[in-house]
Amino acid sequence: MDSTQHEKAVQSWRQAREARLRSSDGWLTLVDRILLDQGENPLPFGALTLDADGVVEVRVQPGQAVTSDDRPITTIQALRPQEGARSALLAHAGRTYEVYRRGDVFAVRVKDPESPALRAFTGLSCYPIDPAWRIEARFERYQPPRTTVHQLDVGPSGPRQVPGIAHFAVGERALVLEPVLEEQPPRLFFVFTDQTTHHGTSPAGRFLYADVPGSDDTVILDFNLAFNPPCAFTAFSTCPIPPASNRMPVAVTAGEKDYSIE
């Protein structure tokens, strides 16, 4: 990929990224996060009851209009949120309620397309596109793959597969990053910090996706595509804690810069 193609590809990716943030159900619409306790949890339309087996029962008060996947719920419906699966989605009075699971934590994301954060959003700030930060790494596969859990501000996630480790260099410094494997679609997912963290980029670190390497064990780490976690935009999302192996002692002056909202 030449420099012109690379710049166009990164610009297109950033435009799509910003469009997702501006969408009516993007992270900027998040207005609350409700952690579910065992037993009954009241909500504006009724209640969600969490049992010991991880089943969430939706109870709708008379006169309240609630839908799930565009189908009305009239009284009671059981939801079984699974780690890594699509969140169960409820809609009421213009807001959506996403019931999800992270490890042993069950919670609800409340989204409002009229949120103050979305109305105040003026766009992302990024470092200039630099092809030098599109780095070819050697991927060392673990045999067998390892497992890990992502530490979140609400506790650990469920187990994630770690297929290997990426070896690369910045200047004269040899570095490594460990990804977890995402399956839909298959890709590598990195959570990392660097010397710009707290000094121009998000205090929570940043994310990066890369294609799963082929038989040549080469993986492209394009840090121009590094992006902020959701908790950089809203206090109501879970925030990951980057693993020690992914805290890089160099300044990655590429990708998204810090974003703050009042």
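With a 6.0 Å cutoff to the six-membered ring centre and a 45° limit on the axis angle, R109 counts as a cation-pi contact of Y100.
Atom NE2 of H6 is separated from atom CD of Q11 by 10.5 Å, given to the nearest 0.5 angstrom. From L48, atom CG reaches atom CZ of R59 across 11.0 Å, with rounding to the nearest 0.5 Å. Interatomic distance, OH of Y97 versus CG of L43, reported as 6.5 Å (0.5 Å rounding). Between T197 atom OG1 and D258 atom CG the span is 9.5 Å, to the nearest 0.5 Å. Distance check: R17 CZ to S12 OG gives 14.5 Å after rounding to the nearest 0.5 Å. To the nearest 0.5 Å, atom OG of residue S115 and atom CG of residue L30 are 8.5 Å apart.
Counting all heavy atoms, side chain and backbone alike, A47 lies closest to E40 at CB-CG, 3.6 Å. I73 and V60 get closest at one heavy-atom pair: CG2-CG2, 3.7 Å. The two residues H92 and V66 have their closest heavy-atom pair at ND1-CG2, 4.0 Å. When every heavy atom of D2 is checked against every heavy atom of Q5, the shortest pair comes out as OD1-N, 2.7 Å. Residue D222 comes nearest to V10 through the heavy atom pair OD2-CG2, 4.0 Å, listed as atom of the first residue, atom of the second, then distance. Contact detail for R160 and L181: the closest heavy-atom pair is NH2-O, 4.3 Å.
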query: After noting the C-alpha distance and the side-chain angles of H198 and T193, does the key distance pass the side-chain contact (heavy atoms from CB on, under 4.5 Å) rule?
result: CA-CA 9 Å; H198 292 280; T193 63; over 6 Å; no

- prompt: Going through the distances and angles, do N224 and D130 end up as a side-chain contact (heavy atoms from CB on, under 4.5 Å)?
  reply: CA-CA 7 Å; N224 294 283; D130 185 350; 4.3 Å; yes

task: Could you please spell out the steps behind the side-chain contact (heavy atoms from CB on, under 4.5 Å) verdict for T253 and T196?
output: CA-CA 7 Å; T253 53; T196 69; 4.3 Å; yes

- request: Could you please spell out the steps behind the side-chain contact (heavy atoms from CB on, under 4.5 Å) verdict for F189 and R187?
  value: CA-CA 7 Å; F189 176 58; R187 55 185 176 176; 5.9 Å; no

- request: Check the pair F223, Y127 against ring-ring contact (aromatic ring centres under 6.0 Å, His included), reporting the backbone distance first and the verdict last.
  value: CA-CA 10 Å; F223 289 99; Y127 289 99; over 10 Å; no

Intermediate values then yes/no, salt bridge (charged side-chain N to carboxylate O under 4.0 Å, His left out), R206 and E256: CA-CA 8 Å; R206 289 182 289 172; E256 283 182 19; over 6 Å; no

- request: Check the pair W13 / Y209 against ring-ring contact (aromatic ring centres under 6.0 Å, His included), numbers first and verdict last.
  value: CA-CA 12 Å; W13 186 91; Y209 285 117; 8.4 Å; no

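In this structure, V99 and V108 have side chains that are in contact, with non-hydrogen atoms separated by less than 4.5 Å. In this structure, R22 and L28 have side chains that are not in contact, with every pair of non-hydrogen atoms separated by 4.5 Å or more. Using a 4.5 Å heavy-atom threshold, the side chains of L221 and F190 count as touching. By the 4.5 Å heavy-atom criterion applied to side chains, R119 and E114 are counted as neighbours. Counting heavy atoms from C-beta on, the side chains of P249 and R173 come closer than 4.5 Å. With contacts defined as side-chain heavy-atom distances shorter than 4.5 Å, the pair F45/V58 qualifies. At a threshold of 4.5 Å between non-hydrogen side-chain atoms, the residues P213 and R141 count as touching. Looking at T96 and L90, their side chains never come closer than 4.5 Å, going by heavy atoms from C-beta outward.
Judged by distance alone, the side chain of S24 and the main-chain N or O of P113 form no donor-acceptor pair under 3.5 Å. Remark: side-chain polar atoms of D194 are not paired, donor with acceptor, to backbone N or O of M248 under 3.5 angstrom. Looking at T29, its side chain does come within 3.5 Å of a backbone N or O of G26 through a donor-acceptor pair. Looking only at distances, no side-chain donor or acceptor of E140 sits under 3.5 Å from a matching main-chain atom of H167. In this structure, N228 contributes its side chain and K257 its backbone to a donor-acceptor pair below 3.5 Å. In this structure a side-chain-to-backbone donor-acceptor pair under 3.5 Å is missing from D32 to V110. For R33 (side chain) and S237 (main-chain N/O), a donor-acceptor pair under 3.5 Å exists by modelled atom type.
Counting heavy atoms of neighbouring residues, nucleotides and ligands inside a 6.0 Å radius, atom CG of D70 does not exceed 12 of them. Environment of CD in E136: sparse, with no more than 12 heavy atoms of neighbouring residues, nucleotides or ligands closer than 6.0 Å. No more than 12 heavy atoms of other residues, nucleotides or ligands shown are found within 6.0 angstrom of CD on E183. Residue D51 qualifies as enclosed at atom CG: its count of foreign heavy atoms under 6.0 Å is above 12.
Both I165 and V252 are members of a single hydrophobic cluster when ILVMFWY side chains are connected at heavy-atom separations under 4.5 Å. Grouping the Ile, Leu, Val, Met, Phe, Trp and Tyr side chains by contacts below 4.5 angstrom, directly or via other members, places I34 apart from V55. A continuous path of hydrophobic side-chain contacts links V219 to F207 [ILVMFWY only; heavy atoms under 4.5 Å]. Hydrophobic clustering, with ILVMFWY side chains joined whenever heavy atoms are under 4.5 angstrom apart, groups W133 together with L188. The cluster map of Ile, Leu, Val, Met, Phe, Trp and Tyr, joined by side-chain heavy atoms under 4.5 Å apart, puts L89 and L36 in different clusters.
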